[in-house]
Asker: 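Dumping the structure here so I can ask a few things about it.
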Amino acid sequence: MKGQEWYQADDVAREYDSKRFSKGGRLIDRREKQAVLSALGPVEGKNVLEIACGTGRFTVMLAERGANVVGLDISAAMMAQGRQKARSAGVGDRIEFIRGDAARLPFPDDHFDAVMAMRFFHLADTPAKFLAEMRRVSKEQVFFDTFNSFSSRVVYNWLLPMGSHLYSREDVEQLLSGAGLRLADESHDFILPYGLYRKIPNGIAGELRELDETIRDNEFGEKLSSVSYWNAEVV
C-alpha cells in the first residue's frame with residue numbers, strides 16, 4: 001500500500017476527519033455515506049466487513065442502523081479514533097475493530113453478508129488480490145469506489161504526496177470478472193476534485209456542488225466524473 005507510514009501516524013489519525021470532512025468536505029462525507037447506504041440497502045441484522053475502515057465514518061453509520069460490523073485497517077491510530085467514535089455513538093458493542101492486511105483477510109469463506117471498501121483502491125498496489133479476498137469472504141455483495149483515469153483527478157493526482165491509482169471502466173470490469181463478481185449497479189460523481197471542496201467554506205462549496213451536478217447530468221458529464229461507486233454481486 002502507498003503511504004503506509006503517513007497513514008498510520010498518530011497526528012494524521014487525530015486530524016484526519018477535521019481536515020478532510022469539515023468546510024466543503026462535509027459535502028463529500030454526505031455523498032459518500034449516501035452512496036454506501038444506497039448500495040447496501042437495509043442493513044439491520046446483517047454482518048458487514050469494512051476494509052480500510054479508518055476512523056470509522058462508515059463503520060459507525062452502519063452500526064447505528066443495526067448492522068454487526070467488523071472494521072479492518074492497518075492503522076492502530078485510525079482505529080483508536082474509530083473506537084472513540086463508536087463509544088460516543090453508543091454502538092461500541094456492534095463493532096469489532098481489527099488490525100489486519102486486506103490481502104490476507106483473517107476470516108473464512110462466505111463469512112459476511114456484504115464487504116465494502118471506501119477510499120481504498122486508489123492506494124492499492126495489488127487491486128486484483130484485494131478484490132479477490134473481498135469476494136472470498138462475502139456471501140452476497142461487494143461494494144467499493146475508485147478514482148477515474150479520465151477525469152480532473154489526473155491533474156489533482158500530481159499534487160498528492162503519496163500518489164493515487166486511477167482506473168478506467170475497463171480496468172474495473174476486468175477486476176470484477178477476475179474476482180468472480182458481477183456488476184449490479186454503478187454511479188459516478190464529482191467532476192471537480194475532492195481537494196477543491198476541502199479548501200473552501202461550506203457555503204461556497206455548496207454553490208460549486210450545484211455546478212458540479214449540473215455538469216455531471218449532461219451528456220458527457222458522467223464520463224468526466226472523478227469518482228465511481230461499484231456495487232457487485234457474488235457470482
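In this chain, numbering begins with 1 at the start of the sequence shown.
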Asker: Do Leu40 and Arg65 have side chains that approach each other closer than 4.5 Å (heavy atoms only, starting at C-beta)?
Answerer: no

Asker: Go through it in stages, so that I can follow the logic: the residues are Leu105 and Val115, the test is side chain to side chain contact (heavy atoms under 4.5 Å, CB included), and I'd like the CA-CA distance, side-chain angles, deciding distance and then a yes or no.
Answerer: CA-CA 11 Å; Leu105 295 174; Val115 178; 5.5 Å; no

Asker: Listed by chain and number, what are the side-chain contact (heavy atoms from CB on, under 4.5 Å) partners of Asp29, not counting sequence neighbours?
Answerer: Phe21, Lys33, Arg57

Asker: With side chains defined as the heavy atoms from C-beta onward, is the minimum distance between Val48 and Val70 less than 4.5 Å?
Answerer: no

Asker: Counting the benzene-type ring for Trp, do Tyr167 and His165 have ring centres under 6.0 Å apart?
Answerer: yes

Asker: So do Asn202 and Leu27 actually touch side chain to side chain, heavy atoms under 4.5 Å?
Answerer: yes

Asker: Would you mind reporting whether Met116 and Leu49 have side-chain heavy atoms less than 4.5 Å apart?
Answerer: no

Asker: Test of understanding: with salt bridge (Lys or Arg N to Asp or Glu O under 4.0 Å), list the residues that count as partners of Glu213, not counting sequence neighbours.
Answerer: Arg209

Asker: Between Gln141 and Asp113, does the side chain to side chain donor-acceptor pair (under 3.5 Å) criterion hold? Intermediate values first, please.
Answerer: CA-CA 7 Å; Gln141 181 181 21; Asp113 297 304; over 6 Å; no

Asker: Determine, step by step, whether Ser226 and Asn148 satisfy the side chain to side chain donor-acceptor pair (under 3.5 Å) criterion, reporting the C-alpha distance in whole Å, the side-chain angles of both residues, the deciding distance to 0.1 Å, and the verdict.
Answerer: CA-CA 5 Å; Ser226 61; Asn148 300 329; over 6 Å; no

Asker: Would you call Leu62 and Val36 a side-chain contact if the rule is heavy atoms closer than 4.5 Å?
Answerer: yes

Asker: Could you please spell out the steps behind the side chain to side chain contact (heavy atoms under 4.5 Å, CB included) verdict for Leu192 and Tyr197?
Answerer: CA-CA 8 Å; Leu192 300 174; Tyr197 285 97; 4.0 Å; yes

Asker: Within a strict 4.5 Å, meaning less than it, do heavy atoms of the Ser187 and Arg31 side chains meet?
Answerer: yes

Asker: Indicate yes or no: does Glu32 engage Arg119 in a salt bridge with an N to O separation below 4.0 Å.
Answerer: yes

Asker: Using ring centroids (six-membered ring only for Trp), state whether Phe130 and Phe120 fall under 6.0 Å.
Answerer: yes

Asker: Looking only at heavy atoms, which two atoms of Pro106 and Leu72 are closest? And how far apart?
Answerer: CD-CD1, 3.9 Å

Asker: Can you tell me if Lys139 has over 12 outside heavy atoms packed within less than 6.0 Å of its NZ?
Answerer: yes

Asker: For residues Arg94 and Ala67, report the shortest heavy-atom separation together with the two atoms involved.
Answerer: NE-O, 3.1 Å

Asker: Please examine the side chains of Gln34 and Arg30, heavy atoms only from C-beta on, and report whether any two atoms are closer than 4.5 Å.
Answerer: no

Asker: According to side-chain contact (heavy atoms from CB on, under 4.5 Å), who are the partners of Glu233, at least two apart in sequence or on a separate chain?
Answerer: Arg182, Ala184

Asker: Can you find a heavy atom in the side chain of Glu173 that is under 4.5 Å from one in the side chain of Leu183?
Answerer: no

Asker: The criterion is side-chain contact (heavy atoms from CB on, under 4.5 Å); which residues satisfy it with Thr214, sequence neighbours excluded?
Answerer: none

Asker: Check ring-ring contact (aromatic ring centres under 6.0 Å, His included) between Phe143 and all other residues, then give those that pass, not counting sequence neighbours.
Answerer: none

Asker: Closest approach of Ser228 and His188, non-hydrogen atoms and distance?
Answerer: OG-ND1, 2.6 Å

Asker: Any ion pair linking Arg99 and Asp73 (charged N to carboxylate O, less than 4.0 Å)?
Answerer: no

Asker: Would you say the ring centroid of Phe144 lies under 6.0 angstrom from that of Tyr229?
Answerer: no

Asker: Partners of Glu186 by salt bridge (Lys or Arg N to Asp or Glu O under 4.0 Å), sequence neighbours excluded?
Answerer: Arg169

